Trainee: 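There's a structure below that I have some questions on.
Proteins get letters first, then strands, A, B, ... in listed order; numbering begins at 1 in each. No experiment lies behind these values; they were computed from the predicted model shown. Quick note: numbers below take in every heavy atom, side chains included, and nothing from hydrogens, waters or symmetry partners.
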2 protein chains.
Amino acid sequence: MLTVSVENYLKAILHLQVEGEERVSTTAIAQKVASTPASTSAMLTKLGERGWLEHQPYHGVRLTKKGQRVAMDILRRHRLWECFLVDHLGFEWDQVHEIAEELEHVGSVELINRLDAFLGFPKLDPHGDVIPGANGRFRSVAARTLLTEAPRNLELVVVGVVDGGDAFLRHLGVLGIQLGTRMTVMERLSFDGSLHIKYPDEEEVQLLAPSVGQRLWVDQSSPSPEIVFPEEEDLQ
Amino acid sequence: MLTVSVENYLKAILHLQVEGEERVSTTAIAQKVASTPASTSAMLTKLGERGWLEHQPYHGVRLTKKGQRVAMDILRRHRLWECFLVDHLGFEWDQVHEIAEELEHVGSVELINRLDAFLGFPKLDPHGDVIPGANGRFRSVAARTLLTEAPRNLELVVVGVVDGGDAFLRHLGVLGIQLGTRMTVMERLSFDGSLHIKYPDEEEVQLLAPSVGQRLWVDQSSPSPEIVFPEEEDLQ
DNA sequence: ATTAAAGTTTAGGCAAGACTAAATATGAAT
DNA sequence: ATTCATATTTAGTCTTGCCTAAACTTTAAT
């Protein structure tokens with residue numbers, strides 16, 4: 001049965017897997033779903049029995065194809081609702097996460113497909129994250145790089161953030177950075193990777209901490225070629 | 001705590017109360033929420049302790065102001081979502097109930113108020129039922145409405161006809177309808193919009209063609225005690 | 001006034017999902 | 001190879017919300 005709790009576990013595991021871990025640890029999952037390792041361990045056993053993941057005791061967990069498909073659907077619902085909240089109800093991008101966390105558990109497939117169409121089949125949510133399509137695969141998006149890895153002396157545009165936590169988003173607000181902000185990396189300091197940033201209409205150069213630069217997706221401010229994201233076989 | 005289960009009980013009780021029962025019986029509630037009388041009894045005790053209703057053992061239940069306010073909010077959410085599903089996602093009015101049953105439990109007040117504004121503060125949902133406003137009270141319906149657009153389960157009085165041609169008026173005579181006739185819309189058929197009409201002193205329900213319903217102006221017959229539109233002070 | 005039917009509550013259980021505390025496995029450092 | 005800190009699982013409870021079966025009230029009919 002796909003309860004809210006089960007959906008939250010699957011979603012958490014997908015996130016951790018996408019962040020690069022081959023096998024995901026019990027403790028990491030427990031932290032993500034704000035539960036204890038003990039509770040999580042029990043849940044993982046159950047999810048394993050039901051075929052959503054492989055649980056190798058003491059060595060973490062990996063989603064099966066079936067589990068991954070379910071988790072991608074939840075991600076899809078979450079991100080489509082975020083689009084709706086920002087584009088049509090006028091919320092700010094840092095206000096929508098909690099609400100979308102609830103909306104994402106409303107199960108109707110018909111509902112979400114119609115919402116998708118209503119929104120015009122968006123590719124990115126308000127945080128710049130890729131939205132899976134109805135087939136459970138990521139839609140292709142424009143190329144993007146982390147700000148810390150972007151070339152210097154080239155005008156860039158902010159197209160996404162890596163960690164959409166409220167604190168970080170608010171910090172961006174303080175810095176005057178949002179999706180669509182244009183900037184150019186002038187210099188990268190060897191000391192700690194801080195960046196000298198120049199904004200189009202300002203003379204002053206701003207110093208940006210690496211912790212921020214590592215979490216900003218940017219693209220060339222002029223159109224760039226498209227790249228394709230994971231195909232079916234990548235997701236098994 | 002306002003769990004989904006609790007919300008469903010409160011909603012069921014409000015529905016039964018609005019349908020006219022002074023005190024609502026355990027069995028009736030059990031039927032509405034598809035549970036057993038035993039489970040329901042236990043739940044009613046709990047809801048009583050938490051101040052949402054008065055539970056007089058063996059003699060049914062009545063919502064407190066506080067409970068009524070909560071239930072009205074759920075009704076509001078349900079009906080607003082139904083508007084959204086029909087008006088913007090293109091669902092038919094007979095497909096939206098189940099989906100709205102899920103959406104109604106998403107709690108954010110901000111969300112629902114913005115949705116309300118987005119929809120243009122509608123007064124009636126796609127089934128012709130009245131939508132409570134942000135203050136937890138039913139919105140007053142325009143002084144006169146077409147019968148086809150009037151809310152259900154509310155006694156109406158015929159106050160005018162749109163096309164006063166002889167043929168139409170003679171037809172009304174055959175049907176036994178004239179200015180001042182009282183009636184209640186019980187059901188609106190999705191097939192062609194025909195209406196099931198109930199007259200005060202008759203058992204039989206009459207089927208009225210949409211061509212007639214579209215030409216009759218109606219108004220609330222008189223503030224009826226069952227569907228008193230609760231005032232602010234009633235809801236403390 | 002008595003009694004039977006109908007309605008309601010109590011008693012005793014079960015499943016899901018969480019917790020703490022205790023036991024056990026792993027892996028890194030000696 | 002042994003030891004120890006850390007990660008994980010097991011054991012035992014708790015709460016919520018549901019169930020069935022049994023006991024008890026109320027009400028309506030004799």
Trainee: Between D:dC18 and B:Tyr9, is there an OP1 or OP2 to side-chain N/O distance shorter than 4.0 Å?
Mentor: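 Indeed, a polar side-chain atom of B:Tyr9 lies that close.
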Trainee: Within the 4.0 Å heavy-atom criterion, would you say A:Ser25 contacts the bases, only the backbone, or no part of the nucleic acid?
Mentor: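 If one applies the 4.0 Å heavy-atom cut-off, A:Ser25 turns out to touch the sugar-phosphate alone, with no base involved.
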Trainee: Look at B:Thr3 and D:dG17 and indicate whether a side-chain polar atom (N or O) is within less than 4.0 Å of OP1 or OP2.
Mentor: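 Yes, within the criterion.
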Trainee: For A:His97 together with A:His78, are the ring centres under 6.0 Å from each other?
Mentor: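 Centroid separation for A:His78 and A:His97: below 6.0 Å.
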Trainee: Looking at A:Met43, A:Lys32, A:Lys46, which one forms a side chain to side chain contact (heavy atoms under 4.5 Å, CB included) with A:Tyr9?
Mentor: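 Option passing the side chain to side chain contact (heavy atoms under 4.5 Å, CB included) with A:Tyr9: A:Met43.
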Trainee: Starting from C1' on D:dC18, measure out to CG on B:Leu44 and report it in whole angstrom.
Mentor: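 Atom-to-atom, B:Leu44 to D:dC18, this comes out as 14 Å.
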Trainee: Just how far, in rounded Å, is C1' of D:dT9 from NZ of A:Lys46?
Mentor: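 That distance rounds to 17 Å.
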Trainee: Would you compute the distance between atom CG of A:Leu80 and atom CG of A:Leu75 and round it to the nearest 0.5 angstrom?
Mentor: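 Those atoms lie 9.5 Å apart.
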Trainee: Tell me if a side-chain donor or acceptor on A:Arg62 pairs with a main-chain N or O of A:Glu22 at a distance below 3.5 Å.
Mentor: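 Looks like yes, one N/O pair under 3.5 Å.
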Trainee: Tell me: CD of A:Gln31 to P of C:dA18, nearest whole Å?
Mentor: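 So the CD-P distance, A:Gln31 to C:dA18, works out to 16 Å.
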Trainee: Could you tell me how far apart A:Gln56 (CD) and C:dA25 (P) are, to the nearest whole angstrom?
Mentor: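 The distance from CD of A:Gln56 to P of C:dA25 comes to 16 Å, rounded to the nearest Å.
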Trainee: Indicate the ring-plane relationship of A:His88 and B:Phe118, choosing parallel, tilted or perpendicular according to the 30° and 60° boundaries.
Mentor: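 Perpendicular, since the angle between the ring planes exceeds 60°.
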Trainee: For A:Val6 and for A:His59, locate the closest nucleotide of DNA chain C by heavy-atom distance; then report the residue assigned to the nucleotide nearer the 5' terminus.
Mentor: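 This one resolves to A:Val6.
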Trainee: Given atom CG of B:Asn8 and atom P of D:dG17, what is their separation to the nearest angstrom?
Mentor: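 Atom CG in B:Asn8 sits about 11 Å away from atom P in D:dG17.
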Trainee: What's the closest nucleotide to the side chain of B:Pro37 if the choices are C:dT9, D:dT9, C:dC19?
Mentor: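 From the listed options, C:dT9 comes nearest.
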Trainee: Would you indicate which nucleotide in C:dT24, C:dA18, D:dG17 comes nearest to any side-chain atom of A:Ser35?
Mentor: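 Looking only at heavy atoms from C-beta outward on A:Ser35, the closest nucleotide is C:dA18.
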Trainee: In whole angstrom, what separates A:Met43's CE from D:dT8's C1'?
Mentor: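 Distance, rounded to whole Å: 17 Å.
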Trainee: Compare side-chain N and O positions of B:Ser5 against OP1 and OP2 of D:dC18 and report whether any pair is under 4.0 Å apart.
Mentor: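 For D:dC18, OP1 or OP2 has a side-chain N or O of B:Ser5 closer than 4.0 Å.
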Trainee: Rounding to an integer number of Å, can you tell me how far B:Glu7 CD sits from D:dT16 C1'?
Mentor: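 For the pair B:Glu7 CD and D:dT16 C1', the rounded distance is 16 Å.
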Trainee: So which nucleotide from D:dT9, C:dT9, C:dA16 ends up closest to the side chain of B:Ala38?
Mentor: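 Ranking D:dT9, C:dT9, C:dA16 by closest atom to the B:Ala38 side chain puts C:dT9 first.
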Trainee: Rounded to the nearest Å, what distance is computed from the CE atom of residue A:Met1 to the C1' atom of nucleotide C:dC14?
Mentor: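 So the CE-C1' distance, A:Met1 to C:dC14, works out to 18 Å.
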Trainee: Report yes if a side-chain nitrogen or oxygen of A:Ser39 is closer than 4.0 Å to either non-bridging phosphate oxygen (OP1 or OP2) of C:dG17; otherwise report no.
Mentor: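 Checking A:Ser39 against C:dG17: no side-chain N or O falls below 4.0 Å of OP1 or OP2.
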Trainee: Mind checking B:Thr36 for me? I need base, sugar-phosphate or nothing, with any heavy atom below 4.0 Å counting as a touch.
Mentor: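 Here B:Thr36 touches the bases of the nucleic acid.
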